[in-house]
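Excluded from the calculations below are hydrogen atoms, water molecules and symmetry mates; all remaining heavy atoms, backbone and side chain alike, are included. Proteins get letters first, then strands, A, B, ... in listed order; numbering begins at 1 in each.
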Amino acid sequence: MIEFLGDWKRTGYCGDLTAADIGSSVTLMGWAHRRRDHGGLIFIDLRDREGLAQIVFDPEVSKETHGKAEDVRSEFVLAVKGKVIPRPEGTVNPNLKTGAVEIVVSECKILNPSKTLPFTLDEYVDVAENLRLKYRYLDLRRPQLQESIILRSRVAQTTRKYLSDNGFLEIETPFLTKSTPEGARDFLVPSRINKGQFYALPQSPQIFKQILMISGYDRYFQVVRCFRDEDLRADRQPEFTQIDCEMSFIDRDDIIKMMEGLMATIFREAKGVEIELPVPRMTYQEAIRRFGVDNPDLRFGLELVELTDVVKGSGFKVFADVAASGGIIKGLNAKKCATFSRKEIDDLTEFVKIYGAKGLAYVKIENGEWHSPIAKFFTADEIAAMNKAYGAEEGDLLLFVADKPKVVNDSLGKLRNLLAKNLGLLDKNNFVFVWITDFPLLEWDEDEKRWAAVHHPFTAPMDEDVDYVESDPGRCRAKAYDLVLNGNEIGGGSIRIHQEVIQSLMFKMLGHSEEDKREKFGFLLDALEYGTPPHGGIAFGLDRLVMLLTGSDSIRDVIAFPKTQKGTCLMSEAPSTVDDKQLRELGIKTLAK
RNA sequence: GGGGUAGUAGCUCAGUCGGUUAGAGUGCUGGCCUGUCACGCCAGAGGUCGCGGGUUCGAGCCCCGUCUGCCCCGCCA
């Protein structure tokens, strides 16, 4: 039997009840989370978005109401009227926020039944993710996911308030926009009215926010969806959300200071954590040298050690040859890991091979000596010098990689993170920020035989490097900065080029012909000539930020309706084929598969 | 495009060396139970071992292919 709401009005959330409500009459509505039927008394945990409350059906209070409770199953939707009472002595549940009280139900309506669920909503079983994604509406009922989604809302609201309070205007930019070269692959949207032409979904509102600066809006922000048609990862979805900001008449330090304040406010309001300001800064060059990556996790040490000079003249041919051919030798000291088995070291070796390393040399420090297949190639002086560089102590495991700089830094940088994880050095409740600055402006793309922007083509070179953009592109540094939290890049930005001459030069360096750049970026180049203020900005990845705030392992766990690694939605079954009629209207033919 | 990993009851998993009737817990259904809270007790139902092919007297298990989820490389200014 299905009953109607009628004139019943909810008086509050189940999860908000406290001892202060004792004695009051309440009307609650929610889902039957669990039912405990004693034949006489029936207990049901009624659940809504704020939590659980125990409601009690006593045949002596109402035989009819008790009879209804006998029919209730998991996830039935109920409305109940009753009185809040303290729980009898000895039956208080300290594990429940509302555990001091319960509701004696006098009237009950079964608003809707539910089929038996495909999986249980309790926290004791890890359900396969494909099932969770297919039945996302059920998964979203689970308290853990619910808490993450609610926290995400709080972060977004805190962001809007902070930025509004600091004079930023929230301005929307188009989703149907123009495809541009550079950067990620675009998602395309066919134009029905202009057959054969396409809009692109924005990879970010980059050009539009710069144009808003040119238009004089001075401070802009948006919590905005961005789209990139690239392969997925645990921290990458094809559509994701940025906190996008831009400011005029400022320099790098102004932005950094403003945005540190935003982060501190978010962590205070959403998490109750105080972030110490200012956030430390580190140059890109230092990050690569000490950690091998531009997003170092500073919650732990295990820093990389430079050994090239020590071993380049050694009798170990592998190292000497690498050094002679422009490669480098670096290592890291896995403290107290000399106990690692052959298998464990083999696993580490396989791991570094993923990043192109040919091998992983190792030394165990046992009984004050080197135990290693490579020990025999080194003189006592060389060993002493390496011990000093590593800070080697009894029981340590020294690891070495020799190769091109990129391979060495990549593999050791990732190995450092793996070791920290395996050694239990990662505390999810410890939040360590760092700004990475002074990125290179351009890097040589070996595949395409051209220079490519490290950040994006609108990023300004450092003032002192401007004169070398054309003559020595590799030495130029950019006015770019990333914010890194626990080894994750959670934001990045730059001071932009605001002079047409320099912007044109940049496009030239990136190999765009005059014609090409007019077609692709003409409107920006035009706009730059009508009085562009110095400006710059930043964008934060809201999904990654919330992932870290909630201790989640994937941004899928902080997005209400995420996609699988193949870019599908298991709930809606997108993407899908469409009717021929739709294709005809768009002037599109699909190729046979 | 590539590497790795998983797929057995609704769910979470076990399944020995290739061997007879594929198991457990939980959920579900029915019965009992007035202070439980992952309630308890009793009984019952429940299987395309992802899919296709092969080897074999015999395949959940071995081989080949394929699909799907997840992790990673490439890719992601």
Mind checking the [atom1] distance from [N] to [M]? Whole angstroms is fine.
{"N": "A9(B)", "M": "G25(B)", "atom1": "C1'", "answer": "12 Å"}
{"N": "G65(B)", "M": "U26(B)", "atom1": "P", "answer": "41 Å"}
{"N": "G50(B)", "M": "A45(B)", "atom1": "C1'", "answer": "24 Å"}
{"N": "G69(B)", "M": "U34(B)", "atom1": "C1'", "answer": "46 Å"}
{"N": "G60(B)", "M": "G52(B)", "atom1": "P", "answer": "13 Å"}
{"N": "A59(B)", "M": "G46(B)", "atom1": "C1'", "answer": "24 Å"}
{"N": "U48(B)", "M": "C11(B)", "atom1": "P", "answer": "11 Å"}
{"N": "G15(B)", "M": "G7(B)", "atom1": "C1'", "answer": "15 Å"}

Look at the rings of W451(A) and W444(A) and say which category their plane angle falls in: under 30° parallel, 30 to 60° tilted, over 60° perpendicular.
perpendicular
Return the orientation label for the F458(A) and H456(A) ring planes: parallel under 30°, perpendicular over 60°, tilted otherwise.
tilted
Please list, for nucleotides 43-47 of chain B, all pairs of protein and nucleotide N/O atoms separated by less than 3.5 Å.
none

Using a 4.0 Å heavy-atom cut-off, does [X] contact any base of the nucleic acid, only the sugar-phosphate backbone, or nothing at all?
{"X": "T568(A)", "answer": "sugar-phosphate"}
{"X": "A452(A)", "answer": "nothing"}
{"X": "S204(A)", "answer": "base"}

Atom pairs under 3.5 Å, N or O on each side, protein against nucleotides 4-10 of chain B: can you list them with distances?
{"from": "G10(B)", "atom 1": "O2'", "to": "P118(A)", "atom 2": "O", "distance (Å)": "2.7"}

If we call it a pair only when both distances are under 3.5 Å in a Watson-Crick or G-U wobble match, what pairs with [N]?
{"N": "A24(B)", "value": "U12(B)"}
{"N": "G7(B)", "value": "C67(B)"}
{"N": "G46(B)", "value": "none"}
{"N": "G40(B)", "value": "C32(B)"}

List the protein contact pattern of nucleotides 71-76 of chain B with one symbol per nucleotide (5' to 3'): B for base contact, S for sugar-phosphate-only contact, - for none; contact means a heavy-atom distance under 4.0 Å.
BBBBBB
With sugar-phosphate taken as primed atoms, P, OP1 and OP2 and all else as base, the protein-contact string of nucleotides 28-38 of chain B at under 4.0 Å (heavy atoms; B, S, -) is SSS--BBBBBB
Does K566(A) put a side-chain nitrogen or oxygen below 4.0 Å from OP1 or OP2 of G69(B)?
no
Among side-chain atoms of Q242(A) and S204(A), is any donor-acceptor pair under 3.5 angstrom?
no
Strictly below 4.0 Å, N to O, side chains only: are [X] and [Y] in salt-bridge contact?
{"X": "E515(A)", "Y": "R518(A)", "result": "no"}
{"X": "R132(A)", "Y": "D557(A)", "result": "yes"}
{"X": "D139(A)", "Y": "R142(A)", "result": "yes"}
{"X": "K414(A)", "Y": "D410(A)", "result": "no"}

In D186(A), T180(A), D229(A), the residue satisfying side chain to side chain donor-acceptor pair (under 3.5 Å) with Q203(A) is D186(A)
Please indicate whether [X] has more than 12 foreign heavy atoms, meaning atoms of other residues, nucleotides or ligands, lying under 6.0 Å from its [atom1].
{"X": "K563(A)", "atom1": "NZ", "result": "yes"}
{"X": "K134(A)", "atom1": "NZ", "result": "no"}
{"X": "K404(A)", "atom1": "NZ", "result": "no"}

Is a side-chain N or O of [X] found less than 3.5 angstrom from the main chain of [Y], in a donor-acceptor match?
{"X": "R35(A)", "Y": "R73(A)", "answer": "no"}
{"X": "D45(A)", "Y": "R34(A)", "answer": "no"}
{"X": "S148(A)", "Y": "V558(A)", "answer": "no"}
{"X": "T550(A)", "Y": "V546(A)", "answer": "yes"}

Quick one, L121(A) and E75(A) - any side-chain contact, counting heavy atoms below 4.5 Å?
yes
Using the test side-chain contact (heavy atoms from CB on, under 4.5 Å), find all partners of Y468(A) that sit at least two apart in sequence or belong to another chain.
S471(A), D472(A), R475(A), C476(A)
Between [N] ([atom2]) and [X] ([atom1]): distance, integer Å:
{"X": "H33(A)", "N": "G27(B)", "atom1": "NE2", "atom2": "P", "result": "13 Å"}
{"X": "D139(A)", "N": "C11(B)", "atom1": "CG", "atom2": "C1'", "result": "13 Å"}
{"X": "L121(A)", "N": "U26(B)", "atom1": "CG", "atom2": "P", "result": "19 Å"}

Mind listing the N/O atom pairs, protein and nucleotides 13-15 of chain B, below 3.5 Å?
none

Nearest atoms (heavy-atom pairs only) where C14(A) meets G51(A)
CB-O, 3.8 Å
Report the residue (E443(A) or T564(A)) whose heavy-atom-nearest nucleotide on RNA chain B is the more 5′ of the two.
T564(A)
